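First comes the structure, then the notes that go with it.
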Amino acid sequence: MEKLPGKDHYTFFENVFEVVKLIPYARATSYGAIANYLGSRGSARMVGWAMNASHHSTVSIPAHRVVNRNGLLTGKHHFGSPDLMQQLLESEGIVIENDQIKNFGEIFWDPAKEIGF
DNA sequence: GGTGTGACCAGCT
DNA sequence: AAGCTGGCCACAC
């Protein structure tokens with residue numbers, strides 16, 4: 001995993017990247033699910049903040065597979081183009097309707113449940 | 001080095 | 001039922 005500049009030890013931040021990279025193809029998860037998996041429910045905001053930093057990272061992070069708990073593409077505006085996130089998801093076979101993932105209940109990938117710890 | 005803020009979530013009012 | 005608030009951790013000014 002990548003070490004962020006100015007940090008000598010791994011943090012909550014890097015754990016987020018690990019989980020995001022583990023998201024399978026054609027699947028999506030929520031910020032809260034990742035935060036919950038890492039042990040801090042209220043840290044969901046940090047997950048989003050980590051995604052913002054993912055752009056700065058040299059490693060490719062599938063941030064488009066991370067949405068809010070409603071399946072809404074809240075962070076689409078932070079991609080290169082507002083529609084880029086939707087296009088990436090659609091290219092994986094995920095159906096998006098009105099900036100929201102359709103059948104999110106089936107596509108939802110809960111790390112705590114799938115990884116199983 | 002204190003303060004503000006951020007791609008969120010859940011609980012109150 | 002819907003709007004507001006607090007909380008969580010890391011980073012920029």
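Worth knowing before you read on, the calculation uses all heavy atoms, side chains too, and leaves out hydrogens, waters and symmetry mates. If you're wondering where the values come from, they're calculated on a predicted model, not measured in any experiment. First the proteins, then the strands, lettered A, B, ... as listed; each starts at 1.
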Connected via hydrophobic side-chain network under 4.5 Å: A/Tyr37 and A/Trp49: yes

Dot-bracket encoding of pairs in DNA chain C, which uses [ ] for pseudoknotted crossings and | for another strand, Watson-Crick or G-U under 3.5 angstrom: .||||||.|||||

Non-hydrogen side-chain atoms of A/Ile101 and A/Val95 separated by less than 4.5 Å: no

Euclidean distance, atom OH of residue A/Tyr31 to atom P of B/dA7 [Å, nearest integer]: 9 Å

P gap between C/dA1 and B/dC8, integer Å: 24 Å

Interatomic distance, A/Ile34 CD1 vs B/dC9 C1' [rounded to whole Å]: 14 Å

Between P of B/dC8 and CG of A/Leu72, the distance in whole Å: 9 Å

Sugar-phosphate or base contact per nucleotide [nucleotides 3-9 of chain C; S, B, -; heavy atom under 4.0 Å]: ----BBB

C/dA2 and B/dA7, which share atom name P, separated by this distance in whole Å: 25 Å

Side chain proximity check, A/Thr74 to A/Asp99, heavy atoms < 4.5 angstrom: no

Touch class at under 4.0 angstrom, heavy-atom based, for A/Asn68 against every strand present: sugar-phosphate

side-chain contact (heavy atoms from CB on, under 4.5 Å) between A/Thr29 and A/Arg65, worked out: CA-CA 6 Å; A/Thr29 189; A/Arg65 295 182 187 152; over 6 Å; no

Between B/dG1 and C/dC8 - P atom distance, rounded Å: 24 Å

Length of the line joining A/Arg69:CZ and B/dC8:P, which is rounded to integer Å: 13 Å

With A/Arg45 via side chain to side chain contact (heavy atoms under 4.5 Å, CB included) - residues at least two apart: none

Donor-acceptor contacts under 3.5 Å from residues 83-90 of chain A side chains, at least two apart:
| unit_1 | atom_1 | unit_2 | atom_2 | d |
| --- | --- | --- | --- | --- |
| A/Gln86 | NE2 | A/Glu90 | OE2 | 3.1 |

Atom-to-atom span, CH2 of A/Trp49 to P of B/dC9 - whole angstrom: 17 Å

Test side chain to side chain contact (heavy atoms under 4.5 Å, CB included) applied to A/Asn103 - qualifying residues, sequence neighbours left out: A/Glu106

A/Phe17 CZ to C/dA10 C1', straight-line distance once rounded to whole Å: 11 Å

Value in whole Å for how far the P atom of C/dC11 lies from NE2 of A/His55: 18 Å

Any residue meeting ring pair (Phe, Tyr, Trp, His ring centres under 6.0 Å) with A/Phe108, in chain and number order, not counting sequence neighbours: A/Phe104

Minimum heavy-atom distance between A/His78 and A/Asn52, given as atom pair plus value: ND1-OD1, 4.0 Å

Interatomic distance, A/Leu89 CG vs B/dA7 C1' [rounded to whole Å]: 13 Å

